[in-house]
Amino acid sequence: MFESDFERNLFALRQDKLRQIEALGQSAYPNSFAATHSIPEVRAVYDDATAERLEGDRSNVTVAGRIMAIRLQGKAGFAQLQQNGVRLQIYVRKDAVGEQAFELYKLLDLGDHIGVSGYLFRTRTGELTIHVETITFLTKAMLALPEKYHGLGDVELRYRQRYADLFMNGVLNEGTPAEIHVRDVFIKRAKVLAALRKFFDSRGFVEVETPMMQPIAGGAAARPFTTHHNALDIDLFLRIAPELYLKRLVVGGIDRVYEINRNFRNEGISTQHNPEFTMLEFYQAYTNYWDLMDLTEECIKFVAQEVNGTTIAQFHGKEIDLGKWERLSMREAIIKWWWDEAGPGPTVQTFANSSSFLSWLDSVIGPVRPEHKAFLFHAALLAPQDQLRRGGSLGKAIADVFEAVAEPHLIQPTIIYDFPLAVSPLSKQKPDEPEWVERFEFYIGGFELGNAFSELNDPEEQRKRFEQQIAQRLRGDDEAHQMDEDYVRALAYGLPPTGGEGIGVDRLTMILTGASSIRDVILFPLLRPRKTTTTEGEQSSRE
RNA sequence: GAGCUCGUAGCUCAGCUGGUAGAGCAUCGCCCUUUUAAGGCGCUGGUCCUGGGUUCGAAUCCCAGCGAGCUCACCA
């Protein structure tokens, strides 16, 4: 618990102060406090009140808060109390509160919680302030607060000790870096969740919770975490997606269903990836992916309005309009965003078959050397080229080329539709192009936010796709699907034509709050546990 | 998993090309009854991330490790 002897000594000092506070007749850890207002309420009601009005009316208030600034001046003093991210100044004079209460005031430290009663007035500089008449001690801060002006800046400490981050950086002071307004971010995140529920509830969707511990981790291409149930003596997987369970529910007759909850994927960590992340998935019977495109645009617009009151978002210094959407097929996107200086781009015919796609790739990559300015751009195309030469699937290669060529450009809201069958084991084929499926993903800010498709509902075809996935698994792809017999059985009872979609809630929150890292929208992001050299005393107190 | 950058007091940071560690806030003591990054005086507080190496001498240079941030890879 202690970072140093400094903290150990401070803790002891504060224990001593607590005893002195008790000697003044106050409880060290009282159980409750009855306030008449919250601090935000006081500010909302009286921020506009003039000094004259406050003097005439004598507005008495009782509030509680954490001391974030304290200034003693002999026989009087000022302090600022903070509650719910809002601050209010108090003024304590010895002749107003009495000898004992003033002794108590002198024993207060930054970070302590107190309650005060008094009347409102304005100081010489015009600041709304409580002229305190009684002080109630509530809780002592036994540790020193981080630097009061700059706040808590160390990113690692902010993530590891989010509690300190929240109370230190919950209020925007002048001089505080603009990206640090943590409290606001998480208030907005709560609004995002509320808005999503409002949107789907109002359209007749039923919110459900499906298993997060699953005997077969399906519904996405990812490596799962493994856990174990002792009584049943079975291994279970933390889910990588709720998809297969939600579709079972549609089979069961819940035509419109959604779930907002965590998924777990045993993969790397980055500014866009946390091993556990929050996903919204929803399914609607009797719709296809075209309908979902409309619904997606409406949903994102609605959430932006609810959360920010506007569809304009600022992200990475760019203005994004969540009300304006573009739709491109994957093939169109590659053609549109092809970098001309990298050589002649593809045409519609280029995507027709493996040989035409490979010969185009060869023609573009062939002449490029390391000193060529398009070298890095081409380097990203080497993997798909190599796959194709080894007889790999055309679809996978096209999807890879899309990611390299187009994805970074998709800053403004863009729907990319029609994906290769080879990378979409759960989607329905396009009736006129069986090598392509009715699937789209949408991108904002340069990364993927959602993935949707017309759900494959033919049990025989689904069994085949699972078998293909198993074959891939045997070839070493440990992200390929496993066979889920019960899911195939569910489909055999009849899944109506259904559209389904997943939206990354953390990433959506990033866009709406301007956060550049997913860790800034997750309260406790996964970090490597810190190795501490603990003393024996601490060890035992921890256990 | 790879590359780049960073790690100095509880916090925010300074410490040039190696000469043995500083400031502000916080803490502690004193003064101060409208201050507001309050102010004034004084005192504390450091295995300079860890371990090696080079050197007469390392916070500083080199190597390894640990932790973090960013970029890339994998994915949503």
Side-chain angles (χ1 to χ4, degrees), chain A residues 2-14 16-17 51 68-80 87 89-97 102 109-111 121-127 129 131 141 143-161 164 168 173-177 219-223 240-241 263-281 376 379-380 383 403 441-443 447-451 477-479 502-508 510 516-519 527-533:
Chain A
F2 298 113
E3 299 285 337
S4 62
D5 285 342
F6 171 86
E7 289 202 338
R8 199 179 304 278
N9 294 338
L10 185 65
F11 196 92
L13 259 162
R14 301 255 163 124
D16 190 53
K17 281 190 177 179
M68 297 304 286
I70 189 161
R71 302 179 277 275
L72 179 71
Q73 312 174 42
K75 297 182 182 63
F78 289 90
Q80 282 186 317
R87 291 185 181 184
Q89 181 169 264
I90 63 168
Y91 179 52
V92 181
R93 307 171 53 120
K94 191 173 183 179
D95 55 12
V97 298
F102 202 70
D109 291 297
L110 280 179
F121 76 108
R122 284 195 184 276
T123 62
R124 268 179 208 157
T125 52
E127 181 165 347
T129 303
H131 194 110
L143 295 170
L145 261 48
E147 215 263 357
K148 69 178 176 188
Y149 184 65
H150 298 92
L152 185 61
D154 186 306
V155 181
E156 183 181 350
L157 277 183
R158 289 185 46 224
Y159 295 150
R160 289 193 194 276
Q161 302 185 24
M168 287 311 298
N173 295 317
E174 215 151 328
T176 307
R223 287 156 63 194
I240 55 174
N263 288 345
F264 307 87
R265 299 188 183 175
N266 208 337
E267 282 151 4
I269 296 174
S270 78
T271 45
Q272 281 152 43
H273 302 265
N274 194 61
E276 57 176 311
F277 63 101
T278 301
M279 180 100 144
L280 159 71
E281 274 201 25
L376 283 177
E403 275 180 32
E441 291 186 342
F442 70 96
Y443 292 80
F447 53 78
E448 182 191 341
L449 259 88
N451 179 19
D477 179 359
D478 50 6
E479 290 183 358
I503 296 178
V505 174
D506 311 278
R507 289 183 179 180
L508 177 58
M510 286 170 69
S516 53
S517 168
I518 199 167
R519 289 181 181 127
L527 300 178
R528 186 172 263 107
R530 219 173 52 154
K531 273 184 199 145
T532 46
T533 45

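Numbers restart at 1 for each chain; the letters A, B, ... are given by sequence-line order, proteins then strands.
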Colleague: Could you state the atom-to-atom distance from NZ of A:Lys75 to C1' of B:C30 in whole Å?
Modeller: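 These atoms are roughly 13 Å apart.
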Colleague: Using whole Å, report how far CG of A:Asp95 lies from C1' of B:U34.
Modeller: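 In whole Å, B:U34 C1' and A:Asp95 CG are 13 Å from each other.
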Colleague: Are the ring of A:Phe447 and the base ring of B:A76 both nearer than 5.5 Å at their centres and tilted by less than 30°?
Modeller: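 No.
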Colleague: Residues in salt bridge (Lys or Arg N to Asp or Glu O under 4.0 Å) with A:Glu448, at least two apart?
Modeller: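 For A:Glu448, no residue satisfies salt bridge (Lys or Arg N to Asp or Glu O under 4.0 Å) once neighbours in sequence are set aside.
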Colleague: In whole Å, I'd like the distance from the CZ atom of A:Phe78 to the C1' atom of B:G39.
Modeller: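 So the two atoms are 14 Å apart, to the nearest Å.
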Colleague: Could you run through nucleotides 22-27 of chain B and give me one letter per nucleotide, 5' to 3': B if any protein heavy atom sits under 4.0 Å from the base, S if only the sugar-phosphate is that close, - if neither?
Modeller: --BBBS
Colleague: My understanding is that a pair needs two contacts under 3.5 Å, Watson-Crick or G-U wobble. By that rule, which nucleotide pairs with B:C4?
Modeller: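 In the structure as shown, B:C4 has B:G69 as its Watson-Crick or wobble partner.
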Colleague: So, does A:Arg265 use its side chain to make a donor-acceptor pair with the main chain of A:Ile240 at under 3.5 Å?
Modeller: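 A pair under 3.5 Å: yes.
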Colleague: Roughly, in whole Å, what's the span from CZ in A:Arg93 to P in B:U35?
Modeller: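 After rounding, the gap between these two atoms is 12 Å.
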Colleague: Take atom CZ of A:Arg528 and atom C1' of B:G65, then tell me their distance rounded to the nearest Å.
Modeller: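 Between C1' of B:G65 and CZ of A:Arg528: 12 Å.
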Colleague: Dump every N/O contact between nucleotides 70-72 of chain B and the protein below 3.5 Å, one line per pair.
Modeller:
{"unit_1": "B:C70", "atom_1": "OP2", "unit_2": "A:Arg519", "atom_2": "NH1", "d": "3.3"}
{"unit_1": "B:U71", "atom_1": "OP2", "unit_2": "A:Thr271", "atom_2": "OG1", "d": "3.4"}

Colleague: Rounded to the Å, how far apart are A:Glu127 CD and B:A38 C1'?
Modeller: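 Rounded to the whole Å, the gap is 12 Å.
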Colleague: In whole angstrom, give the distance that lies between atom CD of A:Glu156 and atom P of B:G10.
Modeller: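 Going from CD in A:Glu156 over to P in B:G10 covers 15 Å.
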Colleague: Once you measure the plane-to-plane angle for A:Phe121 and A:Tyr91, does it fall in the parallel (<30°), tilted (30-60°) or perpendicular (>60°) bin?
Modeller: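 If you compare the ring of A:Phe121 with that of A:Tyr91, the planes turn out tilted.
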